[in-house]
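In what follows, a structure is listed as structure tokens, so that the remarks can point back to it.
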Protein chains: 2
Amino acid sequence: MRSDIDRLMATRQLDALVIAGDHDFNPPRHYLTDGAHVTGGLVVKKRDEAPFMVVNAMEVEEAAKSGLHVYTYQDLGWVELMQKFEGDRYRAAVGLWANALARAGVESGRVGIYGSGDLSTILAVTHQLAADYPQYEFVGEQGLTLFDEAAITKDAAEIDRIRHVARRTSDVVRATWDYISSHKQADNGHVVDANGQPLTIGAVKRFIRLALIERELEDTGMIFAQGRDGGFPHSRGEDDDILMVGQAIVFDLFPRELGGGYHHDMTRTWCIGHAPAAVQQAYDHVIEAFNRAVAVFGVEKPTRLMDEAVNDVFEAYGHPTLRQNPATTTGYMHSLGHGVGLKIHEMPRISFMAQEDHFQIGNVFTIEPGLYYPEQGFGIRIEDTVYVAENGELVTLTDVPKDLVLPLKT
Amino acid sequence: MRSDIDRLMATRQLDALVIAGDHDFNPPRHYLTDGAHVTGGLVVKKRDEAPFMVVNAMEVEEAAKSGLHVYTYQDLGWVELMQKFEGDRYRAAVGLWANALARAGVESGRVGIYGSGDLSTILAVTHQLAADYPQYEFVGEQGLTLFDEAAITKDAAEIDRIRHVARRTSDVVRATWDYISSHKQADNGHVVDANGQPLTIGAVKRFIRLALIERELEDTGMIFAQGRDGGFPHSRGEDDDILMVGQAIVFDLFPRELGGGYHHDMTRTWCIGHAPAAVQQAYDHVIEAFNRAVAVFGVEKPTRLMDEAVNDVFEAYGHPTLRQNPATTTGYMHSLGHGVGLKIHEMPRISFMAQEDHFQIGNVFTIEPGLYYPEQGFGIRIEDTVYVAENGELVTLTDVPKDLVLPLKT
């Protein structure tokens with residue numbers, strides 16, 4: 001959590017860190033600035049000292065909402081740098097990094113670079129920094145970065161925010177069930193409204209997006225995939241497709257706070273009207289796997305045990321698994337879950353392949369077993385977001401029934 | 001435009017380019033893949049050859065929508081790389097870059113790196129690439145990158161998409177005017193609904209977001225800033241503030257296609273009920289500046305002439321300008337405009353400081369003069385998005401009247 005950052009800087013031998021990036025939503029910046037919405041600029045932090053922001057003069061009022069000290073480019077010598085570099089604003093921008101580090105009291109040493117933005121720019125900037133300011137070593141991290149590691153556990157304020165997102169997301173999913181349920185079945189198996197107009201996936205997605213926005217949430221690319229499409233875990237579904245009775249629909253919703261912020265991630269699989277026997281059977285296996293996963297949980301246990309248990313269930317029923325065949329494209333072909341926070345995919349990983357992850361108090365993660373049979377025309381996934389409470393109990397944040405068959409009005 | 005990419009690679013002496021980045025919306029990837037929505041993966045292009053995608057097996061169906069050839073990680077030797085690097089997925093991921101370049105027929109040379117995503121990761125990946133595969137030089141660009149340069153001019157298909165965004169955005173702004181106008185004035189100057197309930201900025205923003213979503217657009221951080229807040233160009237406005245008659249409201253809306261895509265950018269300034277004399281006078285100056293800017297336009301002309309003309313107008317009326325005082329925080333304190341496309345801020349720059357930008361056929365850009373007097377409790381900005389047509393004419397894409405006073409129902 002946030003209080004770990006100085007310790008995590010020490011283990012990485014970082015004297016300072018700089019958060020760069022041009023994105024409006026920049027998770028590391030959001031993390032250190034309490035979600036201030038600025039364009040461009042830097043966040044600079046010397047180890048064991050408070051971070052500060054460096055922003056364009058136009059961003060001062062927004063930056064001040066961070067509660068951090070805010071310097072403008074001018075405060076840090078922008079005009080002088082532009083003179084020094086004869087109007088070359090790119091060299092001047094690089095000079096601003098050095099001035100900001102000096103202002104932080106860091107005259108040399110290792111500087112970790114973080115943030116979200118343009119990849120080409122950061123490569124050029126760090127190349128120039130290395131040339132102009134050899135007293136610093138600018139370093140990145142592949143894999144588990146400092147901010148990824150900090151985010152493995154959430155503090156109480158973060159869990160409250162995720163809980164609030166979870167409640168609103170659950171409301172939206174239940175409202176979507178009711179919306180579809182208010183329709184009826186046409187003779188050709190189409191789901192239609194009172195006037196006989198077919199209900200499309202595009203219309204359902206629009207309903208969902210509006211319901212999210214009404215609750216100050218934003219969609220980040222939901223999946224609403226019917227039949228064969230649902231057999232490909234990341235197929236988002238086709239807007240023009242008409243909802244049909246007896247087809248499994250994988251509905252994966254993972255919105256976040258409006259303008260960027262914390263996520264909640266959940267999936268339900270629905271069959272409108274009735275479920276074919278093959279779908280019902282696979283669904284029962286997924287539910288059994290889900291319940292087995294929850295039963296296996298324990299603080300300090302390796303997370304892989306949870307995915308091993310799910311693989312055991314599926315393999316006992318003869319489903320292909322990634323554990324048995326790393327190249328499988330059917331059956332259970334992804335890992336069981338992942339952490340959820342400012343990014344939709346965080347640590348811990350819940351996978352039989354994750355050798356080092358253990359459950360800890362403050363983890364917020366998904367449990368999402370699934371089975372995929374595109375050739376048979378269906379996929380199934382059930383997903384809740386859960387967290388590990390102070391008392392070591394696993395608490396679900398997702399408040400939506402796990403029913404497969406969604407009945408129509410008539 | 002897109003057809004310039006091979007030429008732009010040649011001028012940069014790039015043998016290949018790689019688009020990386022974990023973002024769902026990644027402008028360079030969107031540009032080359034026709035907006036395919038994949039998570040992670042790479043786009044690889046050898047100069048003078050078609051690009052291809054490299055994605056996780058789960059992303060194959062979405063990636064195929066790009067029309068490009070798609071390889072999975074497995075196709076490019078993921079399993080073998082994991083064996084070679086003894087299960088170190090980060091080293092294996094770096095190896096995948098080299099395998100992808102080899103598959104593209106690029107055995108050595110200069111490789112430009114582009115895309116949008118995690119900055120720390122790309123620094124670590126390129127560091128490892130340089131160590132493991134010294135036959136390649138991996139390079140970034142600061143300032144005008146290859147994709148920025150390509151985007152200076154838009155082709156007909158892009159302008160059609162932006163026009164479509166502009167029409168829908170304009171509809172939303174007119175609907176917002178009508179929505180506010182349907183309210184009435186309370187004795188204390190508050191804007192209230194039929195039941196006497198005050199209308200807040202938060203409620204107006206919610207109305208706007210819903211109106212955008214209904215039209216398959218997404219807000220990217222609109223400004224709706226009243227009174228003194230409007231005097232800070234990038235203040236977004238306070239949700240809890242109640243709309244008041246006689247206060248200038250700066251309403252800057254710059255949404256994009258849902259899920260990431262092309263933008264349209266526009267601003268109107270409204271005074272509900274009536275406008276104070278000082279606001280009306282400044283508003284008239286802004287409109288005069290806007291019209292002067294349009295009159296100055298000509299293909300091949302330096303873009304700075306347009307901003308010079310605006311500075312001339314404002315300085316003639318005694319307003320502080322950035323041209324006269326680079327540190328001013330009142331008056332006209334930003335540049336006149338910027339290109340608009342997949343990114344909200346693109347080239348050309350329309351600024352007296354931009355020495356090298358010229359107007360070209362296919363430019364899509366904003367014209368947005370403004371005046372800011374927070375101490376006097378107001379700011380004003382008027383902004384249209386325009387493009388340069390094949391016949392060299394300047395055509396506005398924004399279809400909203402430029403009225404200052406927004407009358408209430410009663």
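Sequence lines set the chain letters: A, B, ... in the order given, protein chains first and strands last, and positions in each chain run from 1. Scope of the values below: all heavy atoms of this structure, side chains included, with no hydrogens, waters or symmetry mates.
- With chain A as partner, the option from B/Lys205, B/Gln128, B/Met333, B/Arg236 having the largest number of non-hydrogen pairs under 4.5 angstrom is B/Arg236.
- Relative ring orientation between A/His334 and A/Tyr332 is described as perpendicular, the plane-to-plane angle rising above 60° on a 0-90° scale split at 30° and 60°.
- Among B/Ala327, B/Pro27, B/Gly140, B/Ala20, the residue with the largest count of heavy-atom pairs under 4.5 Å with chain A is B/Gly140.
- Under the ring pair (Phe, Tyr, Trp, His ring centres under 6.0 Å) criterion, A/Phe232 pairs with no residue, sequence neighbours left out.
- If you measure heavy-atom distances from B/His127 to chain A, you find no contacts under 4.5 Å at all.
- Between chain B and the residues A/Gln74, A/Glu62, A/His345, the largest count of heavy-atom pairs under 4.5 Å involves A/Glu62.
- In summary, A/Lys65 and B/Glu238 engage in a salt bridge, as defined by a charged side-chain N under 4.0 Å from a carboxylate O.
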N/O donor to acceptor pairs below 3.5 angstrom from side-chain atoms of residues 110-120 of chain B, sequence neighbours left out:
residue  : atom : partner  : partner atom : Å
B/Arg110 : NE   : B/Arg12  : O            : 3.4
B/Arg110 : NE   : B/Gln13  : O            : 3.2
B/Arg110 : NH2  : B/Arg12  : O            : 3.3
B/Tyr114 : OH   : B/Glu141 : OE2          : 2.4
B/Ser116 : OG   : A/His23  : NE2          : 2.7
B/Asp118 : OD2  : B/Ser120 : N            : 3.3
B/Asp118 : OD2  : B/Thr121 : N            : 2.9
B/Asp118 : OD2  : B/Thr121 : OG1          : 2.7
B/Ser120 : OG   : A/Ile113 : O            : 2.9
B/Ser120 : OG   : A/Glu141 : N            : 2.9

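- A distance of 4.5 Å separates CG of A/Leu123 from OG1 of B/Thr126, quoted to the nearest 0.5 Å.
- Along residues 86-97 of chain B, the residues that come nearer than 4.5 angstrom to chain A, judged on non-hydrogen atoms, are B/Arg89, B/Tyr90, B/Ala93, B/Val94 in order of number.
- Looking at B/Thr220, only its backbone comes within 4.5 Å of chain A, counting heavy atoms on both sides.
- Only the backbone of B/Leu144 comes within less than 4.5 Å of a heavy atom of chain A; no side-chain atom from C-beta onward does.
- Of the options A/Glu346, A/Lys343, A/Glu368, a side chain to side chain donor-acceptor pair (under 3.5 Å) to A/His338 is made by A/Glu368 and by none of the others.
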Quiz: residues 208-218 of chain A side-chain donor-acceptor pairs under 3.5 angstrom, not counting sequence neighbours:
residue  : atom : partner  : partner atom : Å
A/Arg215 : NH1  : A/Ala211 : O            : 2.8
A/Glu216 : OE2  : B/Arg206 : NH2          : 3.1
A/Glu218 : OE1  : A/Gly259 : N            : 3.1
A/Glu218 : OE2  : A/Arg256 : NE           : 2.8
A/Glu218 : OE2  : A/Arg256 : NH2          : 3.1
A/Glu218 : OE2  : A/Gly259 : N            : 3.4
A/Glu218 : OE2  : A/Gly260 : N            : 3.2

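- Atom CG in B/Leu17 sits 10.5 Å away from atom CG in B/Leu8 (nearest 0.5 Å).
- Atoms CG and CG, on A/Asp219 and B/Leu258 in that order, are 7.0 Å from each other to the nearest 0.5 Å.
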